[in-house]
Amino acid sequence: MIKYIHLDTIESTNDYAKQHPEIFDPNAITCITAEEQTKGRGRFNRHWVSPKGENIYATFYFALPIATPQIGSLSQIAALSVVKTLQELGFFLEIKWPNDVRIEGKKLAGVLTETRFHKEVIEIFLGIGINVNLEKAAVEKIDQPATSLLLISHKTWDKEDLLRQLSTQLEKDLKVFKKEGFTPFKNDFVTKLCMKEGIIHCFDGEKTWKGHFDSITDEGQLTLRLENGQTHTITSGDVISS
Ligand code: BTN
């Protein structure tokens, strides 16, 4: 069962969750949402555009045993949960490794997973942002090609309904993950992945690697086949172009 906490204006749902450990039941999943974030964060500390009332800004908190295998794949599983949820509503989505959810080649949603060791568990702060009813003018302020469900479908969406559907999917996926890790999700993840053809460039936080897509590991990492024939596995970073 998921417990919900809805807030009005806060800096970031991930930051709020990390600052208020007392509000969590360690044996449940808690979903913290906000109407607006004044310091919404993306991966690599990028700004996440978070105007009032228009989008989903959610952080799912839960705890896992420290020795949980394939824990590095949680962001990929969450991206897949978003894709599956929106697919049910008729959207055709893809994932840009590691966890950008895209539609028509533009970013629609992102996942920011942060962790903290606490006693014998690892606490997970799984942040999900989805551009739901964002208008064109706001989308154009985003520093990369982006879109929203409104712009794609020309109708407004009930973000509470969407959040409940996403939560149900995520809860189901997390149950499978706890038993079997990333492996049961891998084929589906690879199918949804874009930029698998031709040469791709991938930034790992320090260096840009160039090569062909080779495979996804059981930890959700990206393995590239380099031009010299060797393979190279990237744990964290961004596919930046094809
Ligand atoms: C990314 O694609 O870079 C990840 C974006 C994650 C944004 C969400 S919105 C809810 C949660 N709170 C934040 O400050 N960030 C995440």
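The shown structure was predicted, so the numbers you read here are calculated from the model rather than taken from an experiment. Below, all heavy atoms of this structure are taken into account, side chains as well, without hydrogens, waters or symmetry copies. Residues: numbered from 1 along the sequence shown. Read the numbers this way: they start at 1 and go in the same order the structure lists the ligands and their atoms.
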Ile128, portion touching ligand 1 at heavy-atom distance under 4.0 Å: backbone
Quick one: which ligand 1 atoms are inside 4.0 Å of a heavy atom on Gly42? 1 (C), 3 (O), 4 (C), 5 (C)
Which atoms of ligand 1 have any heavy atom of Thr13 under 4.0 Å away? 10 (C), 11 (C), 12 (N)
Should Thr59 be counted as touching ligand 1, given the test is an N or O pair under 3.5 Å? no
Given that the side chain starts at C-beta and the backbone is N, CA, C, O, which of these parts of Ser50 lies under 4.0 Å from ligand 1, counting heavy atoms, or is it both or neither? neither
What's the shortest distance from atom 3 (O) of ligand 1 to any protein heavy atom, and which residue and atom give it? Arg43 N, 2.6 Å
In terms of side-chain heavy atoms, does Gln221 have a donor or acceptor partner in Thr235 at a distance below 3.5 Å? yes
Taking non-hydrogen atoms only, is Asn99 closer than 4.0 angstrom to ligand 1 via side chain, backbone, both or neither? neither
Could you tell me if Tyr61 and Glu123 have a donor-acceptor pair between their side chains, going purely by distance under 3.5 Å? yes
Nearest protein heavy atom to atom 15 (N) of ligand 1, by residue and atom, and its distance? Arg41 O, 2.6 Å
What's the shortest distance from atom 8 (C) of ligand 1 to any protein heavy atom, and which residue and atom give it? Gly129 N, 3.6 Å
Within the 4.0 Å heavy-atom shell around Lys107, which atoms of ligand 1 are there? 1 (C), 2 (O), 3 (O)
Nearest-contact summary for atom 9 (S) of ligand 1 - protein heavy atom, Å: Gln37 NE2, 3.5 Å
Enumerated ligand 1 atoms positioned under 4.0 Å from heavy atoms of Asn14: 11 (C), 12 (N)
Look at the rings of Phe24 and Phe125 and say which category their plane angle falls in: under 30° parallel, 30 to 60° tilted, over 60° perpendicular. perpendicular
Going by atom types only, do His201 and Thr208 share a side-chain donor-acceptor pair under 3.5 Å? no
Which of the numbered atoms in ligand 1 are below 4.0 angstrom from a heavy atom of Gly40? 14 (O)
Judged by atom type as modelled, is there a donor-acceptor pair below 3.5 Å linking the side chain of Lys3 to the main-chain atoms of Ile29? no
Could you tell me whether some N/O pair between Ser12 and ligand 1 is separated by less than 3.5 angstrom? yes
Taking the six-membered ring of Trp157, is the NZ or CZ of Lys155 close enough (under 6.0 Å from the centre) and on axis enough (within 45°)? yes
Does ligand 1 have an atom under 4.0 Å from some heavy atom of Arg46? no
N/O of Trp48 under 3.5 Å from N/O of ligand 1, yes or no? no
What I want to check is whether the side chains of Asp173 and Ser81 have a donor and an acceptor closer together than 3.5 Å. yes
Do Ser167 and Tyr4 have side-chain atoms, one donor and one acceptor, less than 3.5 Å apart? yes
State plainly whether the residues Glu114 and Arg41 are in salt-bridge range, i.e. N to O under 4.0 Å. yes
Side chains of Asn14 and Thr59: do they bring a donor and an acceptor to under 3.5 Å? yes
